[in-house]
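These numbers were taken from a predicted model, which means no experiment stands behind them. Numbered from 1 within each chain, the chains take letters A, B, ... in sequence-line order.
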2 protein chains.
Amino acid sequence: MSDERRKFTRESAEQRKLDLIEATLELVAEKGVRGATVRGIADRAQVTQGLIRHYFSSKEDLITAAFEHHMTQMTDLTFAPVTQVQGSAREQLRVFVRSSLMPPVVDPRSIALWAGFLNKVQHDAQMKDVHAKTYVHFRDQLEGLIRAALEEADMPTEPEQLYRLATACNGLIDGLWMEGGALPEAFAPGELSQIGLYSVGAIIGLSLVD
Amino acid sequence: MSDERRKFTRESAEQRKLDLIEATLELVAEKGVRGATVRGIADRAQVTQGLIRHYFSSKEDLITAAFEHHMTQMTDLTFAPVTQVQGSAREQLRVFVRSSLMPPVVDPRSIALWAGFLNKVQHDAQMKDVHAKTYVHFRDQLEGLIRAALEEADMPTEPEQLYRLATACNGLIDGLWMEGGALPEAFAPGELSQIGLYSVGAIIGLSLVD
DNA sequence: GAGGCAATTATTCAAGTGTATAATTAGGTC
DNA sequence: GACCTAATTATACACTTGAATAATTGCCTC
């Protein structure tokens, strides 16, 4: 019959896994890890629940894969703007701070995912490792940008002091990121970036505002 | 018979509610809201599950009560040290920043609770309201301390600028608080407080380090 | 275009979930 | 010391959960 529909179409393993991971992230953001049920995920990805077990050995496995995918994505999103800047070290630092405090990095969904995964992160060794590595990477990149900007301005800094500056700026950015995502209506567009630039500049003693 | 044990003992409504709320908070911190089941909560509080319905109209109701209890407790914990200081405005600000970045305010459990409740906060109007009010209260108190310290130092500041300073310091404290709770082993005791004092001082232009 | 096999769906299962209702019993009152 | 009522336990129910297995079926190969 001409109106007979395929009951399903086959997809490549990569595509199907990606579909399942993205559906998982949506649901984790909405309801947390325990609220992201295999049936809910399958529905969201428009497949039946049995397929999940075909691609992932367990729900745990899928959750871990989704977490790693998300962390990689966030890292890429955060550092992409900087790699496209050819300007001075100060300009690179400015771009980094600004883009870290704007959409799409600042986003209620990101916060919801961070919160949704935290329990797992605190209990699962593998996820804890990924989380710590991502944090250290972010902090180290920031420290490198700060060091370059200070050297460029003829303000060489002791390693220990540099560590403190980077930790402080990292905390500031994370805190503003969190507040921007948790209370989106509390800040005007660009406000967080402005506050971030001013404050990072104040902390490191090198103004980042024009 | 002399060895016959009471099958249960009656408690006042306040005590039982508090027991249930504390058991709830423990489980939310450990497993999130959905992982805090009525049976698990009842076990933890050493009662049977039916009793929960006797004191709370639903699990939802208990969760909300636990959240409000926790937020009140955190607020008290945060502001108690300041109220016991009679020193200068600068000294009060120092105490506030320092104690906000030390145990028991900085604590993995607090972060876990924050994360565990976030989903509910984002979806439940009542909880969103409590959350926003707590945030605003914290920010306003901080702004007041900053204003007083700056006035005391003969550095009067425009309201708009003051708002920006308070938001930045608030973000900094929240970010360091989050990192201290999420990565406890990454910071030595007192390290976060030291970094916080230095950075808040840098942001507001009034050193808080001796 | 016929096989064949892996991708996908369909069904089943035991355990856990919140809620509702019935059955006990502790502990104050007279 | 016998009520007697509210606190507490005990039991039941309908539904959801992750996982396991069986049954289909799309699509590539020859």
query: Do A:Glu60 and A:Lys120 sit within salt-bridge range, that is, some charged N less than 4.0 Å from a carboxylate O?
result: yes
- prompt: Within this structure, what is the NZ-to-C1' distance between A:Lys59 and C:dA15, rounded to whole angstrom?
  reply: 15 Å
Listed partners of A:Thr167 passing side-chain hydrogen bond (donor to acceptor under 3.5 Å, both in side chains), at least two apart: A:Arg139
- request: Return yes if the base of D:dA6 and the side-chain atoms of B:Arg10 contain a donor-acceptor N/O pair under 3.5 Å, otherwise no.
  value: yes
query: Once you round it to whole Å, what is the distance between P of C:dA10 and CD1 of A:Ile52?
result: 15 Å
Separation of D:dG18 C1' from B:Arg34 CZ (nearest whole Å): 15 Å
task: Report the distance from atom CD of A:Gln49 to atom P of C:dT9, rounded to the nearest whole Å.
output: 11 Å
field: C:dA20 phosphate, OP1 or OP2, under 4.0 Å from B:Arg53 side-chain N/O
entry: yes
query: In whole angstroms, how far is the P atom of D:dA6 from the NZ atom of B:Lys17?
result: 16 Å
Value in whole Å for how far the C1' atom of C:dG16 lies from NZ of B:Lys31: 12 Å
- request: Give a yes or no on whether a salt bridge exists between A:Asp124 and A:Lys128, defined as a side-chain N under 4.0 angstrom from a carboxylate O.
  value: no
Of B:Gly50 and B:Thr9, the one whose closest DNA chain C nucleotide lies more 5': B:Gly50
message: Can you see if the side chain of A:Tyr55 gets near the phosphate of C:dA7 - specifically, an N or O under 4.0 Å from OP1 or OP2?
response: no
field: Side-chain N or O of A:His54 closer than 4.0 Å to phosphate OP1/OP2 of C:dA7
entry: yes
query: Between B:Phe117 and B:His131, is the gap from one ring center to the other below 6.0 Å?
result: no
message: Measure CG/B:Asp43 against C1'/C:dT17 and give the value in whole Å, please.
response: 14 Å
- request: Return the orientation label for the A:Phe96 and A:Phe79 ring planes: parallel under 30°, perpendicular over 60°, tilted otherwise.
  value: parallel
query: Which listed nucleotide (D:dG18, C:dT9, C:dG18) is nearest to the side chain of A:Val38?
result: D:dG18
- prompt: Contact class for A:Thr37 vs. all strands (heavy atom < 4.0 Å): base, sugar-phosphate, or nothing?
  reply: sugar-phosphate
field: Whole-Å distance separating the CD atom of B:Glu11 from the C1' atom of D:dT8
entry: 12 Å
message: Please compare B:Arg16 and A:Arg39 by the position of their nearest nucleotide in DNA chain D and report the one closer to 5'.
response: B:Arg16
